[in-house]
Amino acid sequence: MKEQRTSRDIKKNNRIRTLRCILGCDRISQPELAAKLQNSWPTVLQNVRELMEMGLVQEVGEFASTGGRKARAFAPVRDARTAVGVEITQNHIGMVLTNLAGELVRYERRKKEFSQSESYSRALGEMVEEFAASCGISQENLLGCGIALPGILDETGETFALSHVLGTENMPTAFFSRYIPFPCLFVNDASAAGLAEVWGEDAPGNVVYLSLSNSVGGAILNGGKLYNGDHLRAGEFGHMTLVMDGKPCYCGKRGCLDAYCSAKVLAEHTGGNLEQFFDRLQADDPDLTTVWKDYLRYLATAVNNLRMVFDCTVIAGGYVGGYLEEYGNEIRQLLSERNTFEADAGYFRFCRYRREASAMGAALMQVEQFIQQL
């Protein structure tokens, strides 16, 4: 029985590897596919046939001859399955549609203030159903919905244990999925964003993701897998003490990183509009330039602390993270000055996503679940 399970596992793993490889190409030849997978062509062909029967791969002609028989060409059917992702915030609902390749097909963000009411639950369901319908996807091709929440979930995913942001405690996650007519998965918003940033990488290695949105959070990923901690609170970087007895934090403590590096710290200087802050910063507004320099000093301190603790790549994302690349030289200089072991900041990366990261990561959980079940 053990040998049979091992054989089945190997076959399943090869089928998954074959699909991932094809998904990463517009089209690929038989020999190239076998070489990339380092499998014999009969093994690869068997997997390709099975994936074609599932409607996930298609044959798209042949490549030009290089002297022998023309090689058959295969291509992914990326939209054979899709998934919806939803991010819940205090004042908005963000929604994405992604396909099997993890491509962002569509993103929409609507203003909706959270309330623990039946009307909110119903409105959320209607909004998600309407979004899915507007994307023109069939129910049979829709894998389901991933929902990213700003707080701590229990191990089962059935209880939204605590959210300072939304002001809730021990709330059934079914509140959010009650009126959504397809399967739902739940995940912490920062964890989802971290997963989105490394999804699809061949060897993601160890990564720390720092989310700089209206609240500060994060995720710890070991080889692409989330580390959740003993009490499912790992990655709560926003509540590390950055300044002893410093500014008050919304959690009730003082000096938390969140009080110095959330998006609100910047947006409060431009009437709550973060985009306007960066527009005026680009125009060399002297007051905002001072605010920004202070912000970067605190951010560099936090990022260096994460590097010292985890000794791995650090990705900065979230609302502020989407603007950071333009200030890359300044940030990396500050990080180099703080690096205890070498004058280097090559470990620091900018995010791929701005506002849609959490919703994207939640949707990709549905995609990954589907792929793992092949």
Side-chain angles (χ1 to χ4, degrees), residues 87-93 112-117 120 147-155 157-173 175-176 186-194 208-220 226-274 277 291 294-306 308-310 314 316-321 357-358:
E87 179 192 17
I88 304 295
T89 75
Q90 192 173 25
N91 296 303
H92 293 88
I93 294 172
K112 181 68 178 177
E113 185 176 355
F114 174 79
S115 68
Q116 199 168 335
S117 65
Y120 179 91
I147 302 178
L149 299 171
I152 298 168
L153 292 111
D154 73 348
E155 291 181 356
E158 296 179 357
T159 302
F160 191 28
L162 180 65
S163 175
H164 289 294
V165 173
L166 300 184
T168 64
E169 190 171 353
N170 294 323
M171 181 181 183
T173 52
F175 169 82
F176 298 96
F186 299 91
V187 63
N188 168 268
D189 55 355
S191 295
V208 167
Y209 176 78
L210 178 63
S211 177
L212 304 167
S213 291
N214 287 338
S215 59
V216 175
I220 304 162
L226 282 171
Y227 171 73
N228 293 314
D230 292 343
H231 302 93
L232 307 177
R233 299 181 203 138
E236 288 288 341
F237 304 134
H239 301 294
M240 298 189 303
T241 301
L242 187 67
V243 178
M244 186 65 71
D245 300 321
K247 295 180 183 178
C249 176
Y250 70 87
C251 73
K253 308 298 182 183
R254 302 186 72 90
C256 293
L257 174 59
D258 195 286
Y260 294 87
C261 287
S262 77
K264 290 181 178 180
V265 170
L266 302 177
E268 68 183 7
H269 296 277
T270 48
N273 190 317
L274 186 65
F277 176 91
V291 170
D294 288 341
Y295 182 94
L296 287 184
R297 286 192 303 107
Y298 289 122
L299 177 60
T301 300
V303 169
N304 182 69
N305 287 345
L306 293 174
M308 293 302 104
V309 172
F310 295 102
V314 178
Y319 301 164
V320 177
S358 294

Report task. List the steps and the verdict of side-chain contact (heavy atoms from CB on, under 4.5 Å) for Gln116 and Leu166. Result -> CA-CA 9 Å; Gln116 199 168 335; Leu166 300 184; over 6 Å; no
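- For the pair Arg254 (side chain) and Lys247 (backbone), a donor-acceptor distance under 3.5 Å is absent.
- Under the 4.5 Å side-chain criterion, counting only non-hydrogen atoms from C-beta, Val309 is not in contact with Val208.
- Ring pair Phe176/Tyr120 is perpendicular by interplanar angle, where above 60° counts as perpendicular and below 30° as parallel.
- Between the Asn91 side chain and the Glu113 main chain, no donor and acceptor come within less than 3.5 Å of each other.
- In this structure the side chain of Thr301 never reaches within 4.5 angstrom of the side chain of Tyr260, judged on heavy atoms.
- Put simply, the side chain of Tyr295 gets close to the backbone of Cys261: a donor and an acceptor are under 3.5 Å apart.
- For the pair Ala193 and Ser358, the tightest heavy-atom approach, listed with the atom from each and the gap, is CB-OG, 3.8 Å.
- Between the side chain of Thr159 and the main chain of Asp154, no donor-acceptor pair closer than 3.5 Å is present.
- The backbone N or O of Pro150 sits less than 3.5 Å from a side-chain atom of Ser163, completing a donor-acceptor pair.
- A distance-only check finds a donor-acceptor pair linking the side chain of Thr173 to the backbone of Glu158 [under 3.5 Å].
- Atoms CG and CG, from Leu153 and Leu162 in turn, are 10.5 Å apart once rounded to the nearest 0.5 Å.
- At least one side-chain heavy atom of Ile88 sits less than 4.5 Å from a side-chain heavy atom of Ile93.
- Using a distance-only test at 3.5 Å, with no hydrogens or angles considered, no donor-acceptor pair links the side chain of Ser191 to the main chain of Ala219.
- Heavy atoms of other residues, nucleotides or ligands lying less than 6.0 angstrom from NZ of Lys253 number 12 at most.
- Between Thr89 and Asp189 the shortest side-chain heavy-atom distance does not fall below 4.5 Å.
- Heavy atoms of other residues, nucleotides or ligands lying less than 6.0 angstrom from CG of Asp245 number 12 at most.
- Annotation: side chain of Met240 is in contact with side chain of Leu306 (closest heavy-atom distance under 4.5 Å).
- Closest heavy-atom contact between Ala190 and Gly217: CB-C, 4.0 Å.
- Put simply, the side chain of Phe114 does not reach to within 4.5 Å of the side chain of Val165, judged on heavy atoms.
- Looking only at side-chain heavy atoms (C-beta outward), Leu274 and Leu266 come within less than 4.5 Å of each other.
- Heavy atoms only, all atoms of each residue included: Tyr209 and Ala357 are closest at OH-CB, 4.2 Å.
- You'll find the side chain of Gln90 stays beyond 4.5 Å of the side chain of Asn214, heavy atoms only.
- Between Leu257 and Ala302, the shortest heavy-atom contact is CD1-CB, 3.6 Å.
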